[in-house]
There are 2 protein chains.
Amino acid sequence: MEFNKTLTCAHCSKESPVFCFLNERQIDHIERNRIEVVFNPGETIMKGGTPKTHVMSFYKGLAKVSLEGKGGRSYILGFIRPQTFFSGPGFFFDEKHRLTITAIEECKLCLIEKDVFYEMMEENFKMAFAFMENSNRFILNLIHKMETFLIKHHHGRVADALLHLSKDIYHKNPFTMTISRKDLADLTALPKESVSRILHEFIKDQIITMENNEVHILKEDTLKHISHKG
Amino acid sequence: MEFNKTLTCAHCSKESPVFCFLNERQIDHIERNRIEVVFNPGETIMKGGTPKTHVMSFYKGLAKVSLEGKGGRSYILGFIRPQTFFSGPGFFFDEKHRLTITAIEECKLCLIEKDVFYEMMEENFKMAFAFMENSNRFILNLIHKMETFLIKHHHGRVADALLHLSKDIYHKNPFTMTISRKDLADLTALPKESVSRILHEFIKDQIITMENNEVHILKEDTLKHISHKG
DNA sequence: AAAATAAATTGACATATGTCAATCCGTTTT
DNA sequence: AAAACGGATTGACATATGTCAATTTATTTT
């Protein structure tokens, strides 16, 4: 964790899905009320169960959003990529984080006090709506996530995860998996051994290649088919 | 489905988590722009995939909210009980219902045009906030639901479902299950045969009794334990 | 570079779980 | 009341899947 202001709200806010609606006065207000932080891989950005004191504007890196389930298991509900605004689900509901956010690649982000954000939302309707739309996006992701959890055959879940990583997270096809096998296991709600095996089968069947976490999806359609048939 | 106005917004809005913030003029506005409908058990109130044209104020009955998954399976994400406001997830995002709502017991509800609702939200900030809080509640439910899906042992899922039904849905302990075994299966994401078997074991172990869908939870703590250990 | 540590893979095994089919029960229909 | 229907239960069975332990590979440390 490092502290050092290298960003400016004037610049970042343009890219933010929520803060892009702020007026100059408000931009200045968060500029004076933000904390800029860098997290290294593995570090916990927000811990489920702790008090919710800040909202987050994610500027750089890759982080995972996970739900800590019973018996020490944890389940990855999604990833955070720049630019993202994140308040945690249940912003209007209670004062606790439900989810844990952990840095996977080095992350740079700003924290803004909850009350400061709340104030601004009250006086800026456009932003309030953007906030709602942003929350909506999160729910829809959750619902999709839920669908994938309900895929019966585990091959389907891994197939889905690979497609998701390539398309939505790394945005390329031969991509370098910066997430661990354990993460891939938590993402699919499978034991890591199963993930290994299934990955191996995909390689054997020439659906993907993988060398040193460099994954290349050869037969996207086959993966899609595997994921769809369940 | 029957049409016949027997309710008044002036009365109902007092109980609504969202409409309770409306002023007289606005109450009058929805009074003139609402459709009152009665659905019989089994009827589809909203169908996933169809255009999202109205929001719903749920006045009476019991309905299930489900996600239609791959291969004709469907999964119950939750139930709707009066008084509930329901817009469907992703209200600000797109024009499609993601979830299907089906009446279990006879349901009476009002439909209000999306645009009418939108207008009112724009001019009434308090209501907008109530709407957000309401959405938040839905997300938190989803997250909890997700946790239960991830319970490893299936006994745990059934235990959790029984507790949920008794505590949150029927609000009593010896309760009459108005939902079918198939629904219970969809609620736990299990095949209905498994549900039957597990229920039978619970009865055998004297954790519950069940006669003609009259369920009595005898050992709540045991159920909780089964659900928690996963 | 060698040693130590952690991560990932593989193998073997028991069993929890899904599927199919047959039976049972309750409800409705004529 | 008998027949017909749908829902729920039970039984039998194959197998997909999780677990544990051992091995290999990769990564970090000294």
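Chain naming here is simple, since letters A, B, ... match the order of the sequence lines and numbering starts at 1 in each.
Contact record, B:P82 with B:G61: CD-O, 3.3 Å, taken as the closest heavy-atom pair. Scanning both residues, A:K52 and A:G90, for their nearest heavy atoms gives NZ-O, 3.2 Å.
With sequence neighbours left out, A:E133 forms a salt bridge (Lys or Arg N to Asp or Glu O under 4.0 Å) with A:R137.
Counted by atom type alone, A:S74 and A:D186 present one or more donor-acceptor pairs between their side chains at under 3.5 Å. A side-chain donor from one of A:E105 and A:T178 sits under 3.5 Å from a side-chain acceptor of the other. Under 3.5 Å, the side chains of A:T100 and A:E68 contain a donor-acceptor pair of N or O atoms. No side-chain donor-acceptor contact under 3.5 Å links B:S16 and B:Q83.
The number of heavy atoms from other shown groups lying within 6.0 Å of NE2 (A:H11) does not exceed 12.
Sorted by residue number, the members of residues 172-196 of chain A with any non-hydrogen atom under 4.0 Å from DNA chain D read A:P191, A:E193, A:S194.
Protein chain B touches strand DNA chain D; the 5'-most and 3'-most nucleotides with an atom under 4.0 angstrom of its non-hydrogen atoms are D:dA8 to D:dT19.
Residue A:N213 is the one, among A:N213 and A:R197, whose nearest nucleotide of DNA chain C lies closer to the 5' end (criterion: closest heavy atom).
Checking the phosphate oxygens (OP1, OP2) of C:dT9, no side-chain nitrogen or oxygen of A:H200 falls inside 4.0 Å.
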